[in-house]
Structures are given as C-alpha cells and as structure tokens.
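Atoms within a ligand are numbered from 1 in the order they appear, just like the ligands themselves.
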Amino acid sequence: MDNNNNRTSLSAEMLAKIGAGVALMILGSALLLSFVPSIFPAQASAEAANVDNLFNILLFLGGIVFFLIQGLLVISVIAFRAKPGDNTDGPAHHGNMTLEIVWTIIPSIVVVFLAIISFAIWNDNTAPKENENMVNGAPVEYNVTGARYAWTHEYATTMPNPNAEGENIVVNSGDILHVYIGQNVKLTMQTPDVIHSYWIPAMRVKQDLLPGNPEEGGRPTELRFTPILVENETYPAEYPIVCAELCGDGHGRMRGVVVVYENEEQFLEMFFDPAVDAIVNPPADPVLRGEATIQEYACAGCHVLDPLGWAGITGPSLNGLADRAGERVAGQTAEEYIANSLWNPGVYLTPGYQNLMPVHGPNEPGINQMTPEQLYSIVAYLCTQGENSDCDLENNTEAIPAAIESQFGVTVDVTFGMDASAESSDAGSALPESQILDTLFGDDDAEGEATEETAADPEDSAEEAEDTEESGE
Ligand code: HEC
Ligand SMILES: [Cu+2]
C-alpha cells in the first residue's frame, strides 16, 4: 500500500489508517470466533478442549489473513480504479526487498508455531493412558470393525465363556459403542474392505481404518478418548459416530451411536451385565436369541428391517421375509431358503439384486463368522418376520435344525448355551447378573449392582433394555 503513495516515509495519517485496518482485522476475526460454540457439538471428551483450542487459534489466524486480503482487495479496487479519461499504464514497480523478507518471515514463524502446537496436541491426545478400557476391574479389548456400510463393536473380555470351550466372553453391541465417563477408552479398529474413518464429532476424535486382516498384513489402527461429564446432559447420553472417508455408495448411511453412561456402575447395570448374562445364560427361546444374535452382524448396513430399525438399501428389505421365503426357490422350505440366504447368499439371488451379500459361515473370518448355532437362532428370528410365516413356527426347535442338516450336513446343538437345568432358564438367569460377574471376575464389588431391573431405561437405549428383558424372562 505504501509503495504507491510516498515511498520515502509513512505519514502519521497513513499509520493511523494501517492501525485501524489491523484493529478491524483482529476484531473481524474475533467475531468469527464467537460463532464457533454455536456450531460445535458439546465437548464430550477430555481431548475436546485441546482440539477446539487449536481450531480456534487456526480460525483466528486464518480470519486475520482473510480480512487482510479481502480488505486490501476492496481498498485497491476502490482507491486505484481507473479515473475517467485516464488510459495510461500505471507506474512500473520493481521488487521491494524489505516487503518480501517481511512477508516470508512472518508466515514462516506462524507455520512453525502452528506445527509445534499441533504436534503437541496430537501427541497429548493419542498418548496411551493408564488403565485403559477398565470394566469391573479388568481391562477389556474394545474392537471396532468398519465394513461397508456398518460399524460393529466388540468387547473381548478375559472371562472364560462357559458355553464355548477355550474361548473368552466377547460381547458384541453392533453399531453402538458403550463407554462411561472417566473411562480411558482405546479402540482397536480394522476393516475387511476399504478405508473408513471412525469419527465421533462430540469427542473430537477421528481415525482412519486401514484394509486387510492382521494375519494378512493389515494394520489395526487405534483411537483414544476419555468421555467427560457434559453440563445439562441427561445420562446415558448418545452421540453420533460417522464414517468420514468416502467408502462407496452407502457411505452416508455408515453411522453408529456412542452411548456414554454417567459412571461405571450405570455402564455395568444397563449394558455390560445384561450383555454378559445373555451370553452366559442365553434365553431358551431361539427367536429371542436370534434377535440378539442378528444384531451382532453388519446386516443393518444393507437391509431394511423395521423392528430393529435397519435402513440399509444395498439388499432387499427383510420386512415380511417369512411370508415370501417358502416360495423363493422350488424345493426349498422357508427355513432352508433363509438358511441358504445366509451361508450361501450367492447361489440364489433375490430378483433385482446383485451378488453383494457377504458369505456368512462357520469358517468365515471376522464379523462374517456364523456358527451353526448362530445360524439356527437367526433363522428362528427371521422366520417370525411376517404375518403368515411360511416357517413351521410351532416346531422351530426341530424344523430349523433339520433344514440346516439337510442343506449343509451340519448338526446344530440346540441346547447350546443352556446348562443341564435348561428348564430353569425359562424363569430367567440361573444367577442374578451381578453374581455372574463376580463368579467370573472374582470381583467382590457387588453392593452397587442390586438394581438392574429398575435401571434399564427403554427410551434412552432400547437395545440394552431388550437385553435385560430377555435375560429376565
Ligand atoms: C453388503 C451388504 C449385505 C450385508 C452386510 C448383508 N446382506 Fe443380505 N443381502 C444383500 C443383497 C445384495 C441381497 C440380494 C442378493 C442375494 O440374494 O444374495 C441379500 C439377500 C438377503 C436375503 C434374502 C432376501 C430375500 O428376500 O430373498 C436374506 C434373508 C438376507 N440377505 C439376510 C441378511 C442377514 C441376516 C444379514 C446379516 C447377517 C445380511 N443379509 C447381510 C446384501 C447384504
Ligand atoms: Cu465408511
């Protein structure tokens, strides 16, 4: 600006104008900043304040540059516009060393400063913490799988599963992540297909998932955060999980929910204890078992099923499936057809759809693994989806194993998960939930867990409530 008027010195008037300009830039940038809280979700993690501070610094500096450039542009357009009748060229300018040094050094300092604080915050927010993923005194592995187009969450415990020899209890909560305030959460994330990005805006954390199974050279990625109390929030609180990496045509539907409990006690009462109980004492009715089991898979990303709130569009709607299943393939009963749809989806394609459904089976890796017992319960559940089911509903404990046997030559253990006193599991768990955990964990902190029944709030977390209901039946 000074170049054009008087090269020798800056007049007092000029200095005042520059001063006013700088003040306006800072003011404008501060005004920008004041809008930020209204467009951001609440800060729900210990990491959030760091990230927002960094964002504010970037926005403030960026705002100053924005107003500087736009301001100079507007001033130049007005002050140096063509005067009437003036067709001459403007004066020729050669370089200005001082100016060039100044406008190189200042941005360099700013960039180095930003690099340093960004790195410090990234370091802080991703550093391992003490006592990660503690649940009832023992660490649990939080494993997340992102597959086109659904998230699944698993909690791998060190408690032996009484129903599966040599295996530990693994709780699966489908597209819902359960955490509690103060828990140092560490997610270990994998994807069998393409790059996805796990993003919880309220926690201000985001991390890509890299394709490939670990056995095949894939690299699991990690994400850490610690939920904190949000003022005026009702707990359990829910925040969206979003896929932030364009992963295909269902990318926009690839969402989940993180449920934050007020404390570990509430987490155990409303989610973990009932979930463990459902594994230790699965309901005798295969339909109930299937309803829980089916939600451990990524079906929701591709299918519509109203009772479970699924809204996927890659595959056919499963509403009323049992009404059609008996007529799909000549010579196959409804049970046989549904079982084949899961273990052998590519053999018969639902008219109008492509062969996009992953094969589920006892030997499939990762989230597509489905044992004969899981198949049995899922078929039992899907058989109830319709008004005039083609399935033999009265006789499902015999008809479905027979169908599985005839199609795949595999026997189903229908007593799977039920101890010798199977009749008693109609009346509910053999043990109250808190006792189950104590037995398995050897934990003696049982006082706080006496109120499971009353704690489940069906409005806030229908799924947890369902689990409680099932195990209490
Ligand atoms: C990646 C998307 C995808 C996933 C995940 C998926 N499916 Fe499918 N599904 C499809 C497609 C596409 C079809 C139609 C083509 C075919 O028949 O294989 C289909 C067909 C079906 C059918 C036959 C429906 C009919 O009307 O004939 C059933 C039943 C079914 N799926 C159940 C499931 C269940 C249960 C799960 C979860 C365990 C699941 N699917 C997971 C895409 C998917
Ligand atoms: Cu995705």
Ligand 1: which residues have a non-hydrogen atom closer than 4.0 Å?
->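 Residues I294, Y297, A298, C299, C302, H303, T314, G315, P316, L318, L321, R328, Y337, S341, L342, P345, Y348, L349, T350, Y353, Q354, L356, M357, P358, H360, M370 each place a heavy atom under 4.0 Å from ligand 1, listed by chain and number.
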
For [X] and [Y], I'd like to know if the aromatic rings sit close, meaning centre-to-centre distance below 6.0 Å.
| X | Y | answer |
| --- | --- | --- |
| Y155 | F271 | yes |
| Y297 | H360 | yes |
| Y261 | H178 | yes |

The Cu ion (ligand 2): protein N, O or S atoms that are less than 2.8 Å away, sorted by chain =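 You should have found H196 ND1, C243 SG, C247 SG, M254 SD.
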
Judged by modelled atom types alone, do E405 and T411 share a side-chain donor-acceptor pair under 3.5 Å?
->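 On atom types as modelled, these side chains do not qualify, holding no pair under 3.5 Å.
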
Have Q183 and N133 got a donor and an acceptor in their side chains that come within less than 3.5 Å?
->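 Their side chains do not contain a donor-acceptor pair, so the 3.5 Å distance test is not met.
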
Is the closest basic N to carboxylate O distance between R255 and E238 below 4.0 Å?
->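 Result for this pair is no, no salt bridge flagged.
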
Any salt bridge between R289 and E291, counting N to O under 4.0 Å?
->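 No, this pair does not count.
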
Say whether, by atom type as modelled, one donor and one acceptor occur between the side chain of S389 and the main chain of T384 under 3.5 angstrom.
->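 Between the backbone of T384 and the side chain of S389 there is no qualifying donor-acceptor contact (under 3.5 Å).
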
Mark yes or no for whether D392, through its side chain, and A399, through its backbone, hold a donor-acceptor pair below 3.5 Å.
->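 No; judged by distance alone, with no hydrogens or angles, the pair does not exist.
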
